[in-house]
Every structure is written in C-alpha cells, then in structure tokens.
Amino acid sequence: MHADPWLCIVNKPAGWLCQPGLGPGQADALIGRLQRDQPELRLVHRLDRDTSGLLLLARSPQALRSLSQLFEQRLVQKLYVADVLGRPAGVSGRLSWPLARLERSPPRYGPHPQGRASLTCWRLAETCGSCSRLWLRPRTGRSHQLRAHCASFGLPILGDPIYGADSAAVAAAQRLHLHAAALAFRHPFTGQRLRVRSAVPFACPPE
C-alpha cells in the first residue's frame, strides 16, 4: 500500500499471523513471507490473526526505533471498521474499561479493576438490519482491545470466535468483521504527513 526507503505498509489478509506462534502449525506467518524477499523488514506493530488491514513495517533498526516511538507517544492515528451485532445507544462515544487477561487458552481479555487503562473512541457509520457498522479509533494498544471493548459494550463483532462464541448470529459470519482501514502519522524521516487507506473487504450483513 506504501513503500519508501524507510518503511512500508502492507494490507494483511484475515487468517494470517503477523509473526510465528507456538508449535509447527503456527510457523507460517506474514513477516516470514515478506522477509524472504526483503529480509530487513521488521514489524512495528501487530494485528490479530483474524483481523485484516494495514500493517506498518520498518526497513532498518533506526526506522524501527523511530516508528515505535510514534506508537508509544500515541502519534499514530488508527481507524478500524467493525460490524457488530446490535445497535449502540447513541451515535458516538468512548469505551474506557481497564482490560486484563481473564483466561489463557484461548486468550480472553475483559474489564477488570486491576487491568491496564484502555480507551477506544467509536462512531456509528450505518445500521444494517440487526447489525451496525462502527468506526473505531483505539487510543491505546491493549491486546484484543477492540474485540473486548465491543463485547463488553454488548455489541460483539461478527465472526469473533472468542468474544461472540455464545451468539449464533455472530458465529455465522464467514470471518471476523474487523478491518484496520486507515493509518496516519507524520513521517519521522521526511516530515510529511502520511495517510494510507484500505478498502473494507466485507459487507455489513442485514442480520
């Protein structure tokens, strides 16, 4: 989606690990495939296996440090699109429950008084029958943040096998309806404002 001497941005398909997991069954990952032709590439951040969309990679140790600092300082704007079961009360808001890991296998996160502070801003994009499409802007980067926040809000993301497992309507989706649709930040080496967008690869279903 973008390439220059310091970084590149790729469009990750759903179902791909960003980096290898435990065991031979999780050895094939996106970073390994990319490094076959461009061995210098390093992940700056990660997406869940079942989340699709924009992923930022650095081409050098210096670029990795600079780009990682942008994330740490929350200077990278990220926009996700999610289709959820149900309709929110209102057209926009903030989800700020502190999150902690509640279960290990599979990993499951949720609100906990001793969890890490987290913040997601949301806005209603459209309604589709019994479902809604939301724009999500995470202000923090906790594990499973968007999925856990939406589920705790009473609006599980369609196709989520962990946070929507008790809903037949959620489980009926062919994939997780969560897509990293936009990245924007000031390029640390050119000073230019970089904005990249990715088309949403799924339709908002009526049910």
Side-chain angles (χ1 to χ4, degrees), residues 1-83 101 106-107 109 116 118 120 135-148 157 159-162 173-203:
M1 304 298 289
H2 173 84
D4 63 39
W6 303 277
L7 60 89
C8 73
I9 300 174
V10 300
N11 202 20
K12 186 186 88 68
W16 280 48
L17 291 167
C18 285
Q19 62 184 13
L22 297 176
Q26 300 185 51
D28 186 20
L30 181 65
I31 186 61
R33 299 233 180 171
L34 292 172
Q35 287 175 339
R36 292 175 188 174
D37 296 321
Q38 303 179 72
E40 74 280 5
L41 289 178
R42 296 293 184 272
L43 291 167
V44 179
H45 67 124
R46 296 168 182 80
L47 298 175
D48 290 345
R49 179 189 63 186
D50 296 324
T51 301
S52 59
L54 298 175
L55 186 68
L56 177 61
L57 300 104
R59 294 190 182 276
S60 69
Q62 181 185 11
L64 179 60
R65 286 192 297 270
S66 297
L67 293 167
S68 296
Q69 287 176 357
L70 292 182
F71 274 89
E72 291 170 4
Q73 297 168 8
R74 300 179 185 174
L75 297 176
V76 179
Q77 294 182 338
K78 297 173 286 184
L79 177 66
Y80 290 75
V81 172
D83 293 334
R101 186 165 62 180
Y109 295 78
R116 301 180 69 186
S118 59
T120 301
W135 289 315
L136 302 174
R137 285 195 178 275
R139 301 304 189 186
T140 52
R142 309 306 180 206
S143 296
H144 290 198
Q145 176 175 316
L146 301 181
R147 298 164 65 183
I157 298 175
D160 195 322
I162 298 177
Q174 297 297 309
R175 55 153 293 177
L176 180 69
H177 279 226
L178 181 61
H179 182 71
L183 277 176
F185 55 93
R186 189 166 299 281
H187 198 296
F189 297 94
T190 68
Q192 299 296 312
R193 187 71 177 170
L194 180 62
R195 296 182 178 89
V196 180
R197 295 184 178 182
S198 170
V200 180
F202 45 78

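Residue numbers run from 1 in the order of the sequence given. Atom set for the values below is all heavy atoms of this structure, side chains included, hydrogens, waters and symmetry mates excluded.
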> Side chains of Ile157 and Leu176: does their closest heavy-atom pair fall under 4.5 Å?
Replying inline: yes
List, one per line, each side-chain donor-acceptor pair under 3.5 Å for residues 62-82, sequence neighbours excluded.
| unit_1 | atom_1 | unit_2 | atom_2 | d |
| --- | --- | --- | --- | --- |
| Ser66 | OG | Gln62 | O | 3.2 |
| Ser68 | OG | Leu64 | O | 2.7 |
| Gln77 | OE1 | Arg193 | NH2 | 3.2 |

> Is there a donor-acceptor pair closer than 3.5 Å between any side-chain N or O of Arg186 and the backbone N or O of Gln192?
Replying inline: no
>> Checking Arg175 against Asp50 for the side-chain contact (heavy atoms from CB on, under 4.5 Å) test, could you report, in this order, the C-alpha distance in whole Å, the side-chain angles of both residues, the deciding distance, and whether it holds?
In response: CA-CA 7 Å; Arg175 55 153 293 177; Asp50 296 324; over 6 Å; no
>> Within the 4.5 Å heavy-atom criterion, are Arg42 and Gln35 side-chain neighbours or not?
In response: yes
> Closest heavy-atom contact between Ala184 and Arg195?
Replying inline: CB-CG, 3.8 Å
> Between Trp6 and Thr190, does a side-chain contact (heavy atoms from CB on, under 4.5 Å) hold up when you go through it step by step?
Replying inline: CA-CA 10 Å; Trp6 303 277; Thr190 68; 3.6 Å; yes
>> Counting C-beta onward and ignoring hydrogens, is there a side-chain heavy-atom pair between Ser143 and Pro107 closer than 4.5 Å?
In response: no
>> Just so I know, are the side chains of Leu57 and Ile31 near enough to count as touching, which here means a heavy-atom distance under 4.5 Å?
In response: yes
>> Taking the basic N atoms (NZ, or NE/NH1/NH2) and the acidic carboxylate oxygens, is any pair closer than 4.0 Å for Asp48 and Arg147?
In response: yes
> From Asp4 CG over to His2 NE2, what is the distance, rounded to the nearest 0.5 angstrom?
Replying inline: 3.5 Å
> Mind checking whether His187 and Phe189 have parallel, tilted or perpendicular rings, split at 30° and 60°?
Replying inline: perpendicular
>> Using 0.5 Å steps for rounding, measure from the CZ atom of Arg49 to the CG atom of Leu30.
In response: 14.0 Å
>> Testing the 3.5 Å rule here: is there a donor-acceptor pair between the side chains of Gln19 and Arg46?
In response: yes
> Under 6.0 Å from the CZ atom of Arg137, do we count more than 12 heavy atoms belonging to anything else shown?
Replying inline: yes
> Atom CD1 in Ile162, atom OH in Tyr109: separation rounded to 0.5 Å?
Replying inline: 9.5 Å
>> Restricting to non-hydrogen atoms, name the atom on Ser52 and the atom on Pro13 that form the minimum distance, rounded to 0.1 Å.
In response: CB-C, 4.1 Å
> So do Asp160 and His177 actually touch side chain to side chain, heavy atoms under 4.5 Å?
Replying inline: no
> Between Gly159 and Ala173, which heavy-atom pair has the shortest distance, and what is it?
Replying inline: N-CB, 3.5 Å
> Looking at Asn11, Asp83, Thr51, which hits side-chain contact (heavy atoms from CB on, under 4.5 Å) with His179?
Replying inline: Asn11
> Heavy-atom distance under 4.5 Å between the side chains of Leu178 and Leu47, does that happen here?
Replying inline: no
>> Any heavy-atom pair between the side chains of Arg139 and Thr120 that's under 4.5 Å?
In response: no
>> What verdict does the side-chain contact (heavy atoms from CB on, under 4.5 Å) test give for Gln145 and Thr140, after you've listed the backbone C-alpha separation in whole Å, the side-chain angles of each residue and the deciding distance to 0.1 Å?
In response: CA-CA 8 Å; Gln145 176 175 316; Thr140 52; 2.7 Å; yes
> After noting the C-alpha distance and the side-chain angles of Lys12 and Leu54, does the key distance pass the side-chain contact (heavy atoms from CB on, under 4.5 Å) rule?
Replying inline: CA-CA 6 Å; Lys12 186 186 88 68; Leu54 298 175; over 6 Å; no
>> Return the CD to CD distance between Glu40 and Gln38, rounded to the nearest 0.5 Å.
In response: 5.5 Å
> Which heavy atom of Ala3 sits nearest a heavy atom of Arg59, and at what distance?
Replying inline: CB-NH2, 3.7 Å
>> Are Asp28 and Arg33 packed together at the side-chain level, in the sense that at least one heavy-atom pair is separated by less than 4.5 angstrom?
In response: yes
